[in-house]
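Step one of this worksheet: look at the structure below.
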Amino acid sequence: MRRFSYRSLISEALNAHQGWQRQWRAPDPKPSYDVVIVGGGGHGLATAYYLASQHGITNVAVIEKGWIGGGNTGRNTTIIRSNYLYDESAGIYEHALKLWEGLSQELNYNVMFSQRGVLMLAHNVHDVQSFKRHVYANRLNGIDNEWLSTEECKAFCPPINISQDIRYPVMGGALQRRAGTARHDAVAWGYARGADSRGVDIIQNCEVKGIRRDASGAAVGVETTRGYIGAKRIGVVAAGNTSVVMQMAGVRMPLESYPLQALVSEPVKPCFPCVVMSNAVHAYLSQSDKGELVIGAGTDQYVSYSQQGGLHITNHTLDAICEMFPQFTRMKMLRSWGGVVDVTPDRSPIIGKTPVENLFVNCGWGTGGFKATPGSGHVFAHTLATGEPHEINAPFTLDRFRTGRLIDEAAAAAVAH
Amino acid sequence: MLLIDCPCCGLRPETEFRCGGQAHVARPATPADVTDKDWSEYLFVRENPRGVHAERWIHQHGCGRWFNALRDTVSDRFVETYPMGGDPKSTTTETRL
């Protein structure tokens, strides 16, 4: 792998950029691997990277149905934060945020991580109480989060309309200053490049059609459109399609897949300094470095794999944005799209073992998986390497739906997050 | 937005309806006798198929009645709607539209 450096940039500039190599190979699959990861999104590629870099396991394949980072990794609104209520959630999301802070250096790839702050607005008494509870809980877990008055919100993010005449006036907000955004494609590419350079095979346009099991029931490999691939351990990281893949091994999952939509506006000059989330009126807004407003809408109400949602869902979000940020009422929207998100009953992920030996799963990130990409890959790599969960993902078992030890962030956040 | 064929009111826009999730999930008759595993299946595990899905809908802002529907989760097209407690005419295993 050729490293990016000041010297390499200068020399390639003088060389008319003729010397850059491909960032990762396009290998044919080998007959078998130590670990096969099903799903080449950010989480799967991060898992492969940490397997190679932290655990020395390089005989690894990442199998992707389409192209890497083409699913939810390339479809989300790139918001990164760790201000979750419960200790277990705080543990994994803060683990991820700490890894984000050094990620560009570690990967030698600019993921454009920008800690511009995430401001969550409160619009009613319940919001105020709930967010203050989050602030206190976060501080007990060593996570920065602070309460801002209405005027302080306006000072931090001037485009906000703090008029008391609007339908849902701003009553304050919770600000995590270390939170922010990153370049989503770069995260997939950076992990792919790092994993590939350590010997991981990234196999694109290869769909898993079945999971082969031996007489004892243990998983021994995957049937794909490019033939059978044996594996000592299999990690399924298939986001919205996890139910479908796990069904191939006869495992039924507590998941439902919904379309979640996002949209971007025409690019404009810098005018929006941070990320603003407003759960009550359902508006999520930031501005990309390219200048587009990046807007997150909600999920549709029905199970679907269509990667598109109803127009009334985005309309609802735009209504809220026009009221919260009147300066944007005449902005043109350029594109909208949907991603299929796998949602668990308690809105927390499932990372760990399954009833099938040698088969592991990392799923259920629902509407908020991008922020966890490094942490998720890190602990799942540990799980695949050792066969046992890392202490951070130990609470996120599939078995919790039987034991009742749920991590009920649904009640904590009340909306998609 | 979906156009949904309410058995009572005919074709109406989706915003008049609420989706009630997977249909035909029967509550165990004697919960005390059910194992934790079976109870968690009843509470949490869902089919989530990539294909035809049986689900419940209510015409919330119309006649107010519940009904069942078969819908393809890839194309979002409805195969049919049918009354609560009834069975669909087509089977859920038939190929996608």
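Proteins come first, then strands; the chains are lettered A, B, ... in the order of their sequence lines, and each starts at number 1. Please read these numbers as outputs of a predicted model, since none were measured by experiment. What you see below is based on every heavy atom in this structure, not just the backbone, and it leaves out hydrogens, waters and symmetry mates.
When atom types are taken as modelled, the side chain of Thr73(B) and the backbone of Tyr305(A) share no donor-acceptor pair closer than 3.5 angstrom. Panel note: side chain Asn48(B), backbone Ser257(A); a donor-acceptor pair is recorded below 3.5 Å.
Counting heavy atoms from C-beta outward, Arg402(A) and Glu41(B) have side chains that stay 4.5 Å or more apart. The shortest side-chain heavy-atom distance between Phe44(B) and Thr344(A) does not fall under the 4.5 Å cut-off. Within the 4.5 Å cutoff, side-chain heavy atoms of Arg252(A) are placed close to those of Glu47(B).
For the atom pair Tyr302(A) OH and Glu14(B) CD, the distance stands at 4.5 Å (nearest 0.5 Å). Rounded to the nearest 0.5 Å, atoms NZ (Lys37(B)) and OG1 (Thr403(A)) are 14.0 Å apart.
Taking a 6.0 Å sphere around CZ of Arg226(A), one finds it holds more than 12 heavy atoms contributed by other residues, nucleotides or ligands. Atom CD of Glu16(B) has more than 12 heavy atoms from other residues, nucleotides or ligands within 6.0 Å. By the 6.0 Å contact criterion, OH on Tyr228(A) is enclosed, its count of non-hydrogen atoms from other residues, nucleotides or ligands being greater than 12.
Of all heavy-atom pairs spanning Val45(B) and Met253(A), the tightest one is CG1-O, 3.7 Å. In terms of heavy atoms, Gln301(A) sits closest to Trp57(B) at NE2-CZ3, 3.7 Å.
When heavy atoms are compared at a cutoff of 4.5 Å, Leu311(A) approaches chain B solely by way of its backbone atoms N, CA, C and O. Looking at Leu406(A), the atoms closer than 4.5 Å to chain B (heavy atoms on both sides) all sit in the side chain, from C-beta outward. Contacts between Val244(A) and chain B at a heavy-atom distance below 4.5 Å involve the side chain alone, from C-beta outward. If you measure heavy-atom distances from Asp36(B) to chain A, the contacts under 4.5 Å come from both the backbone and the side chain. With a 4.5 angstrom heavy-atom cutoff, Asp300(A) touches chain B only via side-chain atoms. For Leu2(B), the part sitting under 4.5 Å from any heavy atom of chain A is the side chain, from C-beta outward, and nothing else. Heavy-atom distances place the side chain of Arg71(B), and not its backbone, under 4.5 Å from chain A. Using a 4.5 Å cut-off between heavy atoms, Asn241(A) touches chain B through its side chain atoms alone.
Of the residues considered (Ser306(A), Gly310(A), Gly404(A)), Ser306(A) shows the highest number of contacts with chain B, using heavy-atom pairs under 4.5 Å.
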